[in-house]
Enquirer: 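To start, I am sharing the structure in question, which I have written as structure tokens.
Residue numbers start at 1 and run along the sequence shown.
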Amino acid sequence: MGVYLNPGNEAFRRACNSEIYVDKTGLLVLTNKVMDTKQNCVCISRPRRFGKSMAAEMLVAYYGKDCDSSEIFKPYKIAQCEGYQKHLNRYNVIFLNVQNAFSRVNTIEEVLQYIQKEILGELREVFGDRIPKEEKLLSAAMEKLYSKSGEKFIFIFDEWDCIFRIKKGDSEAQSRYLDFLRDLLKDKMYVSLAYMTGILPIKKYGIHSALNMFDEYSMTDPGEYAEYIGFTEEEVNKLYSQYNMDFEKAKEWYDGYVFEKDLHIYNPKSVVDSVRRKRFSSYWTQTETYEALKIYIDMNFNGLKDTIIQMLAGERERIDCGTFQNDMTTFEVKDDVLTLLVHLGYLAYAPEKNEVYIPNAEIQAEFVRAVRGCNWEEVIESIEKSEQLLQATWNQDAQAVAEMIDEVHRENTSILTYNNENALSCVISLAYYNAVKEYTKVREFPSGKGFADIVCIPRKHSDKPALVIELKYDQSAEGAIAQIKERGYVDSLKEYQGNLLLVGINYDKDTKKHECVIECHQPERSGG
């Protein structure tokens with residue numbers, strides 16, 4: 001058993017021995033499927049705290065020689081799958097946490113020399129003179145070994161992309177590193193499987209990739225690996241049930257990453273911390289990704305600030321993620337920064353509409369923290385006043401609501417220069433920022449004969465009234481209330497067992513003032 005060659009199963013055993021372990025061994029079915037095929041190079045990128053290292057350790061434990069992992073995997077899904085025994089502990093595995101290597105030396109040349117020296121040393125211990133003593137190039141040594149013995153290997157690289165975070169602006173070092181990986185892995189008969197995991201997808205140069213032999217799966221296109229990006233909703237629901245905690249509140253805090261076929265994925269570390277500590281909170285810490293969030297917000301690249309404020313207000317932004325060069329410095333347009341934030345986990349991506357958005361309360365809190373750190377005082381002030389606005393709405397104090405919305409408009413004139421109802425919707429959403437604590441907020445809620453502009457449905461733990469908010473631009477607040485009634489917007493809320501407040505808001509472009517009308521409405525009950 002070595003440090004890099006066949007390091008054993010102890011790391012994965014510890015994961016399974018932990019208080020909470022969610023079975024993700026189904027991932028092995030997918031990697032087994034591509035073993036020794038033209039599709040045997042797989043790169044999976046996902047944010048920090050989404051279980052990248054644990055997945056890599058699982059692959060090491062399952063495939064690696066010099067250990068017996070049958071008892072570890074026996075209780076889990078993979079043990080019931082076809083081909084399980086065929087691949088269990090049958091391969092030479094080379095495992096490398098690239099970030100560890102970068103922490104021990106300084107330059108890219110030193111890193112590559114260190115990696116090759118250490119792995120070659122372990123290979124010589126096992127394979128003796130089949131690895132020439134004078135050979136210092138890992139790829140050449142492995143080619144010679146394969147030609148003499150037919151020996152094949154599985155390569156598992158964790159944090160493979162750390163150079164793009166550690167040496168962000170050093171394109172020469174990045175290129176040299178990618179050349180090393182390509183020479184080691186591309187079209188090599190000694191490679192049965194190459195599995196890489198990190199935060200970023202593979203670096204592009206123009207329209208090409210230096211590692212184009214890899215099939216990539218990421219936060220913008222997870223493909224068949226989607227359910228292994230994090231915890232599924234079914235897995236999370238089961239956990240909170242076991243610990244007698246409110247799953248609906250867990251959805252509020254940690255849901256929001258939604259992939260094809262309505263697959264909801266949760267951040268594993270946040271869910272586990274929440275369950276173990278018996279409370280809901282933000283468990284993201286100020287890692288390098290948090291610093292990146294703050295840096296990119298602060299630089300306000302191509303008007304990024306306005307977009308961030310709109311997303312804080314609950315809006316979504318259409319983007320083209322195809323121009324992103326998969327690093328942390330090459331930004332041509334705002335969409336590149338937004339795509340990076342998707343890969344860092346700070347935004348979710350809806351591929352059917354090419355939209356990004358802030359996924360949940362946990363990430364919302366991180367954005368507010370970053371915005372506060374960037375001294376966006378007018379935005380923070382609007383958020384802090386949101387609680388007062390909600391209270392005024394519940395009290396049906398229409399004049400106070402109108403005045404506070406006026407103030408939000410004035411304080412955020414950079415994005416809220418009105419010319420249509422969409423701009424009005426943005427200011428209303430920002431003004432009602434704190435509504436997410438009590439409500440599920442739905443834009444363009446399908447009701448009756450049309451779509452209500454904003455509907456706030458109380459969460460299960462809330463005793464607050466539902467809100468149906470209709471917006472008008474240069475018309476009248478009374479007309480907004482009339483539309484709610486005429487088009488039957490409250491019909492879809494008949495099952496809601498509580499009062500509803502109908503809120504009509506109009507913006508007058510001449511006076512630059514808002515007016516508000518609030519009415520209490522008790523929906524008719526079905527069945528007597």
Enquirer: Is E159 salt-bridged to R48, cutoff N-O under 4.0 Å?
Expert: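 Salt bridge between E159 and R48, a charged N being under 4.0 Å from a carboxylate O: yes.
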Enquirer: Check this for me, if you would: do E366 and R369 make a salt bridge, where the nitrogen-to-carboxylate-oxygen distance has to be below 4.0 angstrom?
Expert: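 So E366 pairs with R369 through a salt bridge.
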Enquirer: Relative to the ring of Y4, is the ring of Y114 parallel (under 30°), tilted (30 to 60°) or perpendicular (over 60°)?
Expert: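 Geometry flag for Y4 against Y114: perpendicular rings.
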Enquirer: Quiz question: by atom type and distance under 3.5 Å, do the side chains of T197 and D158 form a donor-acceptor pair?
Expert: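 There is no such pair between these side chains.
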Enquirer: So do the side chains of Y433 and Q364 get within less than 4.5 Å of each other, counting heavy atoms only?
Expert: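 They are in contact (side-chain heavy atoms under 4.5 Å apart), so the answer is yes.
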Enquirer: More than 12 non-hydrogen atoms from neighbouring residues, nucleotides or ligands closer than 6.0 Å to CD on E352, yes or no?
Expert: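 Enclosed: over 12 neighbouring heavy atoms sit under 6.0 Å from CD of E352.
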Enquirer: Would you say that more than 12 heavy atoms from the other residues, nucleotides or ligands in this model lie under 6.0 Å from the CE of M54, or not?
Expert: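 Not more than 12 within 6.0 Å, no.
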Enquirer: Please examine the side chains of Y283 and R277, heavy atoms only from C-beta on, and report whether any two atoms are closer than 4.5 Å.
Expert: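 R277 reaches Y283 side chain to side chain.
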Enquirer: Is a side-chain donor or acceptor of S18 paired with a backbone partner of Y21 at a separation under 3.5 angstrom?
Expert: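 No; zero donor-acceptor contacts below 3.5 Å.
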Enquirer: Counting C-beta onward and ignoring hydrogens, is there a side-chain heavy-atom pair between M311 and L338 closer than 4.5 Å?
Expert: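 The answer is yes; the side chains approach within 4.5 Å.
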Enquirer: V356 and side-chain contact (heavy atoms from CB on, under 4.5 Å): which single residue from T220, I319, L341 fits?
Expert: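 Running side-chain contact (heavy atoms from CB on, under 4.5 Å) over T220, I319, L341 with V356 returns exactly one hit, I319.
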Enquirer: Would you call I363 and Y346 a side-chain contact if the rule is heavy atoms closer than 4.5 Å?
Expert: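 Yes, at least one pair of side-chain atoms sits under 4.5 Å.
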Enquirer: Under 6.0 Å from the CD atom of E109, do we count more than 12 heavy atoms belonging to anything else shown?
Expert: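 Yes - once you tally the heavy atoms of other residues, nucleotides and ligands closer than 6.0 Å, there are more than 12.
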Enquirer: Go through it in stages, so that I can follow the logic: the residues are R176 and D179, the test is salt bridge (charged side-chain N to carboxylate O under 4.0 Å, His left out), and I'd like the CA-CA distance, side-chain angles, deciding distance and then a yes or no.
Expert: CA-CA 5 Å; R176 177 73 183 88; D179 287 343; 5.6 Å; no
Enquirer: Is the shortest side-chain N to carboxylate O distance from E151 to K65 below 4.0 Å?
Expert: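 Counted as a salt bridge, because a side-chain N and a carboxylate O are separated by less than 4.0 Å.
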Enquirer: Return the orientation label for the Y91 and Y63 ring planes: parallel under 30°, perpendicular over 60°, tilted otherwise.
Expert: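 Because their plane-to-plane angle is over 60°, the rings of Y91 and Y63 count as perpendicular.
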Enquirer: Heavy-atom count check: over 12 atoms from other residues, nucleotides or ligands less than 6.0 Å from K117 NZ?
Expert: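 For K117, atom NZ is not crowded (no more than 12 foreign heavy atoms under 6.0 Å).
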Enquirer: Is it the case that more than 12 heavy atoms not belonging to K278 sit under 6.0 Å from its NZ atom?
Expert: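 Yes, enclosed.
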Enquirer: Okay, side chain of Q116, backbone of L138: is any donor-acceptor separation there less than 3.5 Å?
Expert: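 Yes: the side chain of Q116 pairs with the backbone of L138.
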Enquirer: Tell me whether D66 contacts the main-chain N or O of N6 through its side chain, where contact means a donor paired with an acceptor under 3.5 Å.
Expert: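 A pair under 3.5 Å: no.
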Enquirer: Is there a donor-acceptor contact under 3.5 Å linking the side chains of K186 and N212?
Expert: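 Judged by distance alone, the side chains do pair up.
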Enquirer: Would you check if the side chain of K24 reaches a backbone N or O of E227 as a donor-acceptor pair within less than 3.5 Å?
Expert: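 Yes, because the side chain of K24 sits within donor-acceptor range (under 3.5 Å) of the backbone of E227.
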Enquirer: Just by distance, with hydrogens left out, do Y62 and T25 show a side-chain donor and acceptor under 3.5 Å apart?
Expert: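 Short answer, no.
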Enquirer: For E224, what residues pass the salt bridge (Lys or Arg N to Asp or Glu O under 4.0 Å) criterion, not counting sequence neighbours?
Expert: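 Result, salt bridge (Lys or Arg N to Asp or Glu O under 4.0 Å) vs E224: K33.
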Enquirer: Do you know which two heavy atoms are closest between K334 and L304, and how far apart they sit?
Expert: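 K334 and L304 have their closest heavy atoms at CD-CA, 3.9 Å.
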Enquirer: Side chains of N302 and F331: closer than 4.5 Å at any heavy-atom pair?
Expert: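 Answer no - side chains too far apart.
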Enquirer: Who passes salt bridge (Lys or Arg N to Asp or Glu O under 4.0 Å) against E118, sequence neighbours left out?
Expert: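 For E118 there are no salt bridge (Lys or Arg N to Asp or Glu O under 4.0 Å) partners, ignoring immediate neighbours.
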Enquirer: Any side-chain donor-acceptor pair under 3.5 Å between D320 and T323?
Expert: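 No.
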Enquirer: Side chain of E233, backbone of L263: donor and acceptor closer than 3.5 Å?
Expert: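 Looks like no, no N/O pair under 3.5 Å.
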Enquirer: So do Y195 and V60 actually touch side chain to side chain, heavy atoms under 4.5 Å?
Expert: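 Counting from C-beta outward, V60 and Y195 never come under 4.5 Å.
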Enquirer: Relative to the ring of F50, is the ring of Y257 parallel (under 30°), tilted (30 to 60°) or perpendicular (over 60°)?
Expert: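 The arrangement is perpendicular - the two ring planes meet at more than 60°.
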Enquirer: For residues N434 and I383, report the shortest heavy-atom separation together with the two atoms involved.
Expert: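 What the structure gives for the nearest pair is ND2-O, 3.2 Å.
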Enquirer: When you look at CD of Q85, are more than 12 heavy atoms from neighbouring residues, nucleotides or ligands closer to it than 6.0 Å?
Expert: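 Correct, the count exceeds 12.
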Enquirer: Is any side-chain heavy atom of L211 less than 4.5 Å from a side-chain heavy atom of M196?
Expert: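 In short, these two side chains touch, coming nearer than 4.5 Å.
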Enquirer: Indicate yes or no: does E10 engage R13 in a salt bridge with an N to O separation below 4.0 Å.
Expert: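 Judged by the 4.0 Å cut-off on N to carboxylate O distance, E10 and R13 do form a salt bridge.
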Enquirer: Would you find a donor on one side and an acceptor on the other, under 3.5 Å apart, between the side chain of R124 and the backbone of R130?
Expert: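 Between the backbone of R130 and the side chain of R124 there is no qualifying donor-acceptor contact (under 3.5 Å).
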Enquirer: Output yes when a side-chain donor or acceptor of E317 lies under 3.5 Å from a complementary backbone atom of T307, and no otherwise.
Expert: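 Flag not set: sc E317 to bb T307 has no pair under 3.5 Å.
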Enquirer: Run the ring-centre check on Y217 versus Y225 and record whether the distance is less than 6.0 Å.
Expert: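 Yes, the ring centres sit under 6.0 Å apart.
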Enquirer: May I ask you to check whether over 12 heavy atoms, not counting those of E19, lie within 6.0 Å of atom CD?
Expert: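 For E19, atom CD is crowded (more than 12 foreign heavy atoms under 6.0 Å).
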Enquirer: Quick one: does any side-chain atom of D255 pair with a main-chain N or O of H264 as donor and acceptor, under 3.5 Å?
Expert: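 A pair under 3.5 Å: no.
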Enquirer: According to the interplanar angle, ranging from 0 to 90°, do the rings of F73 and F12 count as parallel (below 30°), tilted (30 to 60°) or perpendicular (above 60°)?
Expert: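 The arrangement is parallel - the two ring planes meet at less than 30°.
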Enquirer: Within the structure provided, determine whether D335 and F324 are in side-chain contact (heavy-atom separation under 4.5 Å).
Expert: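 Contact flag for D335/F324 side chains = no.
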Enquirer: Relative to each other, are the rings of F153 and F155 parallel, tilted or perpendicular (30° and 60° limits)?
Expert: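 Geometry flag for F155 against F153: tilted rings.
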Enquirer: Is the side chain of S147 donor-acceptor paired with the backbone N or O of K144 at a distance under 3.5 Å, no angle test?
Expert: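 Yes; at least one donor-acceptor contact below 3.5 Å.
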Enquirer: Any side-chain to backbone donor/acceptor pair from N237 onto F247? Under 3.5 Å, distance only.
Expert: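 No: the side chain of N237 does not pair with the backbone of F247.
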Enquirer: Please step through salt bridge (charged side-chain N to carboxylate O under 4.0 Å, His left out) for the pair R459 and D246, ending with a clear verdict.
Expert: CA-CA 11 Å; R459 299 187 184 277; D246 185 353; over 6 Å; no
Enquirer: Decide if the gap between the ring center of Y240 and the ring center of F280 is smaller than 6.0 angstrom.
Expert: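 Yes, close enough.
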